[in-house]
2 protein chains.
Amino acid sequence: MPQLDKSPDDRVGQNVEDTVLGDLIGYRLKRAYMQIQPVAQQVLAEDGLRVVSFSCLSIITDNPGIVQTELAAALQMERSNLVVIIDELEQSGFIARKKVPTDRRRYALTATLRGRRLRDRAADKIRQAEDTIVGCLDKEDRTRLMAVLERLEDQRT
Amino acid sequence: MPQLDKSPDDRVGQNVEDTVLGDLIGYRLKRAYMQIQPVAQQVLAEDGLRVVSFSCLSIITDNPGIVQTELAAALQMERSNLVVIIDELEQSGFIARKKVPTDRRRYALTATLRGRRLRDRAADKIRQAEDTIVGCLDKEDRTRLMAVLERLEDQRT
DNA sequence: GTATAATTGTTATGGTCAATAAGTATTTTC
DNA sequence: GAAAATACTTATTGACCATAACAATTATAC
C-alpha cells in the first residue's frame, strides 16, 4: 500500500521521518562531530589557531624532535598539506625547525616556550568548551564513549 | 626539568606521545568518523551515489512530498548546495520534482520506485560495511554508543 | 487592495580543505 | 658509484561549504 504524500504544510521543523539514516553509525558520528567542531574552531580562532594547527602544536609539544613525516602519520594527513601549517606555526614563534645533523633531509620540530604555553591554554579552553556540550553525559557515559570511540579508531580494515 | 628530545630514529610508527588530543571528544569523534566515511563513500560510489546524495535520497524516500528547504534543514545543509544534488538525483531518475499547486514557489520531492529500491539496497550495503568496522563492539556497546551520540547531537548550545 | 516584506528555489562565487603529482636534496641499498 | 628510497616542498586540482544576490511567488502591513 503506497504511502500517501503529506502536504508540505503538515511537516514542520524537525518532524521529518527517517527510517535509515539515523541508524547508521557514520551518520550519527558526523552529526555529533559537527556539534563539537564549530565550537572548537571558534575557541582556537581566539588564539589565531585552526583545529589542524592546534593538533600539530599539541603533538609537537608532546614529542619534541618529531619530524614532519612522523607528525603527518600521527595526524593521518598528507605531508604536503603539513608544510604550510608548520610554516605558520614557525612564523608565529610557536615551534622551531632544526636540521637533524645525522640526516639533513629532516627537520626536528620542537615547540617553543610560547608554543607550549599556548598549547596548554588552548587545550584548557577546548576542554571547557566541550564540557558545555558533553555536560549532558555523566562521567561513566563519557569515559565509556571515549573508550568505544578509541576501539573503533583502532579497528584495522 | 626540561624533557630531552628523543632522537628521531627512536620514534617509529604509532609510538607518539599524546597528552591532550586523545582526551578531546571532538578529536576522537573525527577519527572514528574518518574510519567509517571512506568505506561508506566507496560502497555508495558503486551505485553512482555520494554520501550526501544518498542522504537526500533516503530522506526523500521517507518523506514523500518533502520540499527542498525542509530537506536542507533536516540534513543541516544550505539550500543552495542542495540544488545540484537534487538535479543529479532527478536526472538519474531516482526522484521527481512536482510543483506544489498551493504554493508555486515550492517543489514537492518524491522518490521514484527505482530510487526507493536503490535507497534500500544501498542502505543494506552500508549497514553491512559498517558492521565490518563496528563488529568489535557487542550489541549493548553499540546501542549505547548510538544513544549517546544522539544525545550529543540534540544538545542545544 | 496595494505596497512591502518574507520565502523558495536558483546561480554565481569564494574559501577551506584534502589528495595527487612532480621536483629537489639527501640518504640508503645494491 | 649507480639506482632506489626517503624527506620536504611546490603546484595544482577537485570536493565541499558558506555567502550574497536574484527572480518568482506568497504573506503581511497598512
Side-chain angles (χ1 to χ4, degrees), chain A residues 7-9 11-13 30-31 33-35 37-38 40-42 44-45 48-56 60 65-91 95-109, chain B residues 7-9 11-13 30-31 33-35 37-38 40-42 44-45 48-56 60 65-91 95-109:
Chain A
S7 160
D9 304 315
R11 190 171 26 238
V12 281
K30 180 170 191 177
R31 298 276 289 215
Y33 174 64
M34 282 304 152
Q35 199 82 351
Q37 199 270 349
Q41 192 172 46
Q42 186 180 346
L44 290 172
L49 289 175
R50 291 180 290 157
V51 171
V52 63
S53 53
F54 169 75
S55 300
C56 289
I60 294 170
I66 195 173
V67 139
Q68 282 176 226
T69 297
E70 296 167 342
L71 179 58
L75 293 177
Q76 295 182 1
M77 58 184 298
E78 294 298 320
R79 279 174 306 163
S80 58
N81 294 325
L82 208 73
V83 177
V84 50
I85 298 160
I86 298 297
D87 286 344
E88 282 175 21
L89 289 172
E90 187 183 26
Q91 283 161 23
I95 66 168
R97 265 189 252 236
K98 291 180 290 191
K99 272 197 152 40
V100 175
T102 66
D103 187 342
R104 293 185 340 225
R105 292 172 301 183
R106 310 169 114 188
Y107 289 106
L109 305 175
Chain B
S7 160
D9 304 314
R11 190 170 26 238
V12 282
K30 181 171 191 177
R31 298 276 288 214
Y33 174 64
M34 282 303 151
Q35 200 81 349
Q37 197 269 351
Q41 193 172 46
Q42 187 180 346
L44 290 172
L49 289 174
R50 291 181 289 158
V51 171
V52 63
S53 52
F54 169 74
S55 300
C56 289
I60 294 171
I66 196 173
V67 138
Q68 282 177 226
T69 297
E70 296 166 343
L71 178 58
L75 293 176
Q76 294 182 3
M77 57 185 298
E78 294 298 319
R79 280 174 305 161
S80 58
N81 294 326
L82 208 75
V83 178
V84 51
I85 298 161
I86 298 296
D87 285 345
E88 283 175 20
L89 289 172
E90 187 183 26
Q91 284 161 22
I95 66 167
R97 267 189 250 237
K98 291 182 291 191
K99 272 196 152 39
V100 175
T102 66
D103 187 343
R104 293 184 341 221
R105 292 172 299 184
R106 311 170 114 188
Y107 289 104
L109 305 175

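Here the structure is a predicted model, which means the values were calculated and not measured. Every heavy atom of this structure was used, including side-chain atoms; hydrogens, water molecules and symmetry mates were not.
- If you measure from atom CZ of B:Arg31 to atom P of C:dA18, you get 13 Å, rounded to the nearest angstrom.
- A straight line from CG of B:Leu75 to C1' of D:dC16 spans 15 Å, rounded to a whole angstrom.
- With contacts defined as side-chain heavy-atom distances shorter than 4.5 Å, the pair B:Leu82/B:Thr69 does not qualify.
- Side-chain atoms of A:Gln68 lie closest to D:dT9 of the nucleotides D:dT9, C:dT10, D:dA7.
- Not one side-chain nitrogen or oxygen of B:Thr69 sits closer than 4.0 Å to the OP1 or OP2 atom of C:dT7.
- A donor atom on one side chain and an acceptor atom on the other are found under 3.5 Å apart for A:Tyr107 and A:Lys99.
- When each of A:Asp87 and B:Pro101 is assigned the nucleotide of DNA chain D bearing its nearest heavy atom, the one mapping closer to the 5' terminus is A:Asp87.
- Distances from the side chain of B:Arg97 to the nucleotides C:dG9, D:dA7, C:dT11 place C:dG9 closest.
- Nearest-nucleotide positions on DNA chain C for A:Ile85 and A:Lys99 put A:Ile85 closer to the 5' end.
- Look at CD on A:Gln41: it is 9 Å from C1' on C:dT16, rounded to the nearest Å.
- Between D:dA18, C:dT8, D:dT26, one nucleotide has an atom nearer to the side chain of B:Asp103 than all others, and that is D:dT26.
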Exercise for review: Determine, stepwise, if the pair A:Arg106 / A:Glu70 fulfils side-chain contact (heavy atoms from CB on, under 4.5 Å).
Suggested key: CA-CA 11 Å; A:Arg106 310 169 114 188; A:Glu70 296 167 342; 4.3 Å; yes

Review point. side-chain contact (heavy atoms from CB on, under 4.5 Å) between A:Asn81 and A:Val52: does it pass, once the steps are laid out?
Key: CA-CA 10 Å; A:Asn81 294 325; A:Val52 63; over 6 Å; no

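- You'll find that the side chain of B:Val83 is closest to C:dT10, out of D:dT6, D:dT9, C:dT10.
- The separation between A:Leu82 atom CG and D:dT10 atom P is 13 Å, rounded to whole Å.
- Atom CZ of B:Arg79 is separated from atom P of D:dC16 by 21 Å (rounded to the nearest Å).
- Listed nucleotides: C:dT27, D:dC8, D:dT25. Nearest to the side chain of B:Arg105: D:dT25.
- At D:dC16, one or more side-chain N or O atoms of B:Arg50 fall inside 4.0 Å of OP1 or OP2 (strictly under the cut-off).
- Residues A:Cys56 and A:Ile85 share a closest heavy-atom pair of SG-CG2, 4.0 Å.
- In this structure, CD of B:Gln76 is placed 17 Å from P of D:dC16, rounded to the nearest angstrom.
- Rounded to whole Å, atom P of C:dG9 lies 10 Å from atom CG of B:Leu71.
- Taking atom CD on A:Glu78 and atom C1' on C:dA22, their separation rounds to 14 Å, with Å as the unit.
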